[in-house]
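This one's a predicted model, so the numbers in the text were calculated from it and none came from an experiment.
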Amino acid sequence: MDLLEQAFELHDLNHGFVWSAPKRPFRRLTEEQAQSFNQLGFFVVENALDASTVERAIAEIDPRESKVEQYLREQPNRRHFIAEADGISFTTHLVKRSQFLRDLSAAPIFADLCHDLIGPDVRLYNDQAVYKKPEYPKQFPWHQDNGYNFVEPQAYLTCWVALTDATVENGCPWIIPGGHLRGTLKHHLTELGWACREEDGSEAIPAPLRAGGMVVFSSLTPHRTGPNLTNGVRKAYILQYASHGSCKVEHNDRCDDTERQYFVVRNGERVPAPAIQESRSSSTH
Ligand SMILES: O=C(O)CCC(=O)C(=O)O
């Protein structure tokens, strides 16, 4: 089997997958966005967040990311799994500690997209800030988000929000259009992350963004981010949403952690994020 065929092998748990187009009526999605999501697996929203929201989000994330960076510097080889000091950091579950980010995760723009692209009952699945540090020469390899933890239903939603301009030079996302249609592909673990293909291929397209813009894509859309060849930090906040009842199959995890996997849409209606319990918001972890 050659490399190209291997790239299109299916995940062992992917049986009988059928892609479903977004269902009308839409609350926020334009016809053009719906068509792009359905056929290509993604679309871009410019100015999804205004400048003051971006600024506040960065102010909430930066001190927490600094602690993650400090932790990475103290690890053997300055690494923890795929995170690397002065390279790439993952600051996870921020909604457990920041009421601002918690409220943001349930803001109308995200809740409406969840309603249109997932359905009437949707929970936050995961949130994390991903920072790529200056002059970090490594890519984040081609993967589908469902290649990390296999979730059923396989198609959930990722909103990759740029907090700084994301460019080809500093590590913006790249996408394989149409790569979502067969469901989850086979992945293998590399030093830089799970990977479903090695080569970019001529079909790969970059999705550069201005700060405040976002790429909305399926958990099944193959994507990568490039190296950061600039002297600035590339900052992204990634919010993911899954339908109520979703399950991480290998862990039998129902994806309904009360502290962070709350409803953002229930019975078709937006739901405000619940308040953080006081003891948690003051936690330094
Ligand atoms: O933001 C990045 O550089 C890569 C993050 C990503 O693709 C992911 O966490 O799935």
May I ask you to test the Val265-Val271 pair for a side-chain heavy-atom distance under 4.5 Å? no
ring-ring contact (aromatic ring centres under 6.0 Å, His included) pairs touching residues 242-272, sequence neighbours excluded, are His244-Phe263
Is any side-chain N of the basic residue among [X] and [Y] closer than 4.0 Å to the acidic one's carboxylate O?
| X | Y | result |
| --- | --- | --- |
| Arg224 | Asp200 | yes |
| Lys235 | Glu65 | no |
| Glu60 | Arg97 | no |

In terms of ring plane angle, is the pair [X] and [Y] parallel, tilted or perpendicular, where the classes change at 30° and 60°?
| X | Y | value |
| --- | --- | --- |
| Tyr148 | Trp194 | perpendicular |
| Phe17 | Trp19 | tilted |
| Phe37 | His180 | tilted |
| His223 | Phe217 | tilted |

Within the side chain of Gln99, is there an N or O that forms a donor-acceptor pair under 3.5 Å with the backbone of Ile276? yes
Could you see if Phe90 belongs to whatever hydrophobic cluster contains Tyr237? Use Ile, Leu, Val, Met, Phe, Trp, Tyr and a side-chain cutoff under 4.5 Å. no
Is it the case that Thr230 and Asn228 place a side-chain donor and acceptor less than 3.5 Å from each other? yes
Only one of Lys138, Arg78, Lys132 passes salt bridge (Lys or Arg N to Asp or Glu O under 4.0 Å) with Asp86, and that residue is Arg78
Nearest non-hydrogen partners of Glu152 and Val249, listed with the distance: CG-CG2, 3.6 Å
Pair Tyr241 and Tyr125, ring centroids less than 6.0 Å apart: no
